[in-house]
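A quick write-up on the structure given underneath.
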Amino acid sequence: MSPHRLATIRRYKVSNDVLILILENMDPDTLYLTCKVFRRVYVLTMEFLPLRYKYELAVTGMKSGVISNRGPPFPARFNLLLSYRTDWPTINWGHEQRAQLSLQGNFDITDGFIHFVAPHGVELMELPSCRTGKPPSQTRHVRIPTAPRVECAALDSAQTLIVTGHVLASPNQIDVLLKIRDMWTFNKHKESASDHYSFVASSVPGAMLSSIRVVICGDKLLAHLEYGGTSSRTEQLLINWKTLHAARLVKQDILFLDQDHILAVEKINDMPSLFIYNVKNVQQPVPKRQFQLPDAWKNSAITFHKNDAPRTDPPRSSTALFYSDPARRVLMLSARPSAHSKPVNWMIFPERLLASPWLRGANVAWNDWCQYVIVRNTASTHLVGSPAIVGSRILYLDQDPSGTKMRINTINFAPHSDAAETSQAMWDFVGKYTPLVPTEAKREISAVGRDGTRLHDIRATEDNIVLLYENNHGHMPIKILTFGAPSGSSSPR
């Protein structure tokens with residue numbers, strides 16, 4: 001009988017060795033989805049460590065760093081990844097460290113470094129990270145003396161760049177000096193045309209510069225200026241720190257998408273919108289797209305929240321064993337109905353949505369893209385400080401109405417969650433097509449430190465939660481909670 005007349009179909013089983021070779025060429029997400037469909041692939045993946053590692057990367061929304069013979073043994077890399085996967089969702093840290101900062105001004109965390117204004121200038125404290133081979137015992141602490149008085153500092157460790165902001169006294173105007181320096185030597189940065197950039201912030205009589213903040217993204221700086229006094233307002237100055245070309249931007253708030261694109265909040269005919277600008281040439285920003293915001297936010301103050309995860313894959317020279325997938329970053333903005341209103345709305349959506357092929361046209365109506373977002377209701381939450389965002393994870397502090405108890409809360413948007421472990425009552429709106437599925441957890445902590453100062457804010461990185469306590473006579477206690485560190489090195493409290 002000829003083969004095509006056989007009543008049954010003959011199937012040739014692929015050997016495990018060949019199947020492993022096929023699966024090893026899959027990216028983490030494809031491997032994960034294949035495991036969901038084929039039981040045999042799942043069993044094989046769980047038994048073969050390199051495939052299991054790739055599977056766990058997909059589940060946690062991570063990407064693998066460069067694997068080399070000089071790195072740690074593969075089982076150690078896998079066990080560390082597994083620790084991150086299990087400990088972050090339960091807010092279970094492995095190491096705890098206390099420090100007291102002599103704080104005289106701006107405080108922030110960038111690229112795994114705490115940087116703050118001290119009485120003598122600026123201090124840099126490296127945070128521990130087992131992913132990058134920086135255990136707590138091997139972190140660096142650098143003091144940079146500089147004058148005049150420093151108002152703020154910004155950092156980009158990948159470019160070894162530090163920018164310090166100084167306000168200069170002048171009889172009839174406010175002058176600002178930005179020093180553009182190498183973060184290790186504090187000499188002129190090798191890629192900048194000068195070691196400083198100065199500008200007149202305001203020549204309006206009675207104007208008072210209440211705060212200055214600088215953000216770095218690639219070859220761009222954004223100086224955020226807030227004025228008080230009789231002419232209260234906000235201004236942004238966009239600067240190419242390599243060429244020193246600059247332009248003033250009057251927007252409600254601005255966020256870098258990458259070094260050549262910014263996202264700005266603007267009002268057109270009293271209606272708020274998000275605008276994407278191409279700023280490759282900082283002196284000629286080009287509007288590219290507009291995303292309308294809900295009518296209910298018409299009179300709200302709308303601000304962005306900075307995501308502290310990397311925007312791009314790190315260079316091949318990076319020592320990171322794994323890192324948050326830049327494609328998984330979430331973008332969050334707050335809408336506050338009035339200046340004195342405590343409840344705010346948090347709108348959250350994938351950052352890559354702004355370049356989505358499903359949203360067409362230069363002007364996207366709110367009804368056309370609202371189904372991809374979710375909106376958080378904070379009216380019943382007693383928030384403390386500001387939320388911190390890292391990759392696809394949001395952290396915030398809240399307290400009970402009496403103020404005696406405080407909690408660390410996390411909202412994690414894992415890429416392959418099947419169901420949300422959250423209270424639906426906390427969400428005002430969940431878009432029909434949103435890929436974001438929230439999983440929430442909380443952990444109660446003491447609201448008061450050992451010295452009696454009260455916990456008032458939180459920061460986070462891929463490896464750490466940093467708790468900030470009240471500034472007491474120029475000294476601010478902090479507590480650094482590190483994930484992935486071997487348990488037992490310090491007792492969490």
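Here the structure is a predicted model, which is why all the values come from computation and not from measurement. When reading the values below, keep in mind they use all heavy atoms of this one structure, side chains included, and skip hydrogens, waters and symmetry mates.
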Is there a side-chain contact between [X] and [Y] (heavy atoms, below 4.5 Å)?
| X | Y | result |
| --- | --- | --- |
| W366 | D295 | no |
| Y227 | L225 | yes |
| E462 | Y84 | no |
| F322 | T60 | no |
| L237 | L222 | no |
| K251 | F275 | no |
| M347 | W297 | yes |
| H95 | P135 | no |

Partner of F349 by ring-ring contact (aromatic ring centres under 6.0 Å, His included), out of F413, F429, Y372, W369
W369
Given L383 and L397, is the side chain to side chain contact (heavy atoms under 4.5 Å, CB included) satisfied, shown in steps?
CA-CA 6 Å; L383 296 174; L397 289 173; over 6 Å; no
Using only atom types and a distance under 3.5 Å, with no angle test, would you say the side chain of [X] pairs donor to acceptor with the backbone of [Y]?
| X | Y | value |
| --- | --- | --- |
| T90 | T86 | yes |
| T234 | E226 | no |
| N307 | V330 | yes |
| R329 | A309 | yes |
| R77 | L321 | yes |
| S446 | V448 | yes |
| Q371 | K432 | yes |
| T132 | A320 | no |
| H166 | P148 | yes |

Can you tell me if K405 has over 12 outside heavy atoms packed within less than 6.0 Å of its NZ?
no
Pair R98-E96, salt bridge (charged side-chain N to carboxylate O under 4.0 Å, His left out): steps then yes or no:
CA-CA 7 Å; R98 291 177 174 83; E96 184 174 298; 3.2 Å; yes
Quick one: [atom1] on [X] to [atom2] on [Y], what's the gap to the nearest 0.5 Å?
| X | Y | atom1 | atom2 | result |
| --- | --- | --- | --- | --- |
| L31 | D29 | CG | CG | 9.5 Å |
| I180 | L221 | CD1 | CG | 6.0 Å |
| I445 | L455 | CD1 | CG | 5.0 Å |
| R311 | S324 | CZ | OG | 13.5 Å |
| D27 | K63 | CG | NZ | 9.5 Å |
| T303 | D253 | OG1 | CG | 6.0 Å |

Test applied, side-chain contact (heavy atoms from CB on, under 4.5 Å); reference residue, F291; option that passes from L354, L353, D368
L354
When L101 is tested against each of L468, V117, N471, I478 for side-chain contact (heavy atoms from CB on, under 4.5 Å), which residue passes?
I478
Applying salt bridge (charged side-chain N to carboxylate O under 4.0 Å, His left out), run through D270 and K298 and close with a yes or a no.
CA-CA 7 Å; D270 286 335; K298 179 177 180 179; 5.0 Å; no
Side chains of [X] and [Y]: donor-acceptor distance under 3.5 Å anywhere?
| X | Y | value |
| --- | --- | --- |
| H475 | Q100 | no |
| Q290 | S273 | yes |
| R213 | Q236 | no |
| H115 | T110 | yes |
| S334 | H305 | yes |
| T482 | N464 | yes |
| T453 | D451 | yes |

If you measure from the Lys or Arg side-chain nitrogens to the Asp or Glu carboxylate oxygens, is any gap between D463 and R131 under 4.0 Å?
yes
Regarding R454 and E470, does a basic nitrogen lie under 4.0 Å from an acidic carboxylate oxygen?
no
Considering residues at least two apart in sequence or located in another chain, which fulfil the side-chain contact (heavy atoms from CB on, under 4.5 Å) criterion with D219?
N240, W241, K242, Q259
Residue pairs passing the salt bridge (charged side-chain N to carboxylate O under 4.0 Å, His left out) test with at least one member in residues 377-401, sequence neighbours excluded, are D398-R407
Here the salt bridge (charged side-chain N to carboxylate O under 4.0 Å, His left out) pairs for residues 149-159, sequence neighbours left out, are R149-E151
Classify the ring geometry between Y53 and F78 as parallel (under 30°), tilted (30 to 60°) or perpendicular (over 60°).
perpendicular
Kindly indicate whether a cation-pi arrangement holds for R443 with W93, taking the cut-offs as under 6.0 Å to the six-membered ring centre and within 45° of the axis.
yes
Verify salt bridge (charged side-chain N to carboxylate O under 4.0 Å, His left out) between D108 and K306, making sure each step is shown before the conclusion.
CA-CA 11 Å; D108 207 350; K306 183 181 70 169; 3.3 Å; yes
Mind running side chain to side chain donor-acceptor pair (under 3.5 Å) on Y469 and D457 for me, showing each step along the way?
CA-CA 7 Å; Y469 293 81; D457 212 346; over 6 Å; no
Salt bridge (charged side-chain N to carboxylate O under 4.0 Å, His left out) between D428 and R376, intermediate numbers included
CA-CA 6 Å; D428 274 352; R376 177 78 167 193; over 6 Å; no
If you apply the rule side chain to side chain contact (heavy atoms under 4.5 Å, CB included), what do you find for S64 with K54, and how did you get there?
CA-CA 8 Å; S64 179; K54 191 177 289 190; over 6 Å; no
Please test E126 against I114 for side chain to side chain contact (heavy atoms under 4.5 Å, CB included), starting from the C-alpha separation and ending with a verdict.
CA-CA 6 Å; E126 189 173 26; I114 292 175; over 6 Å; no
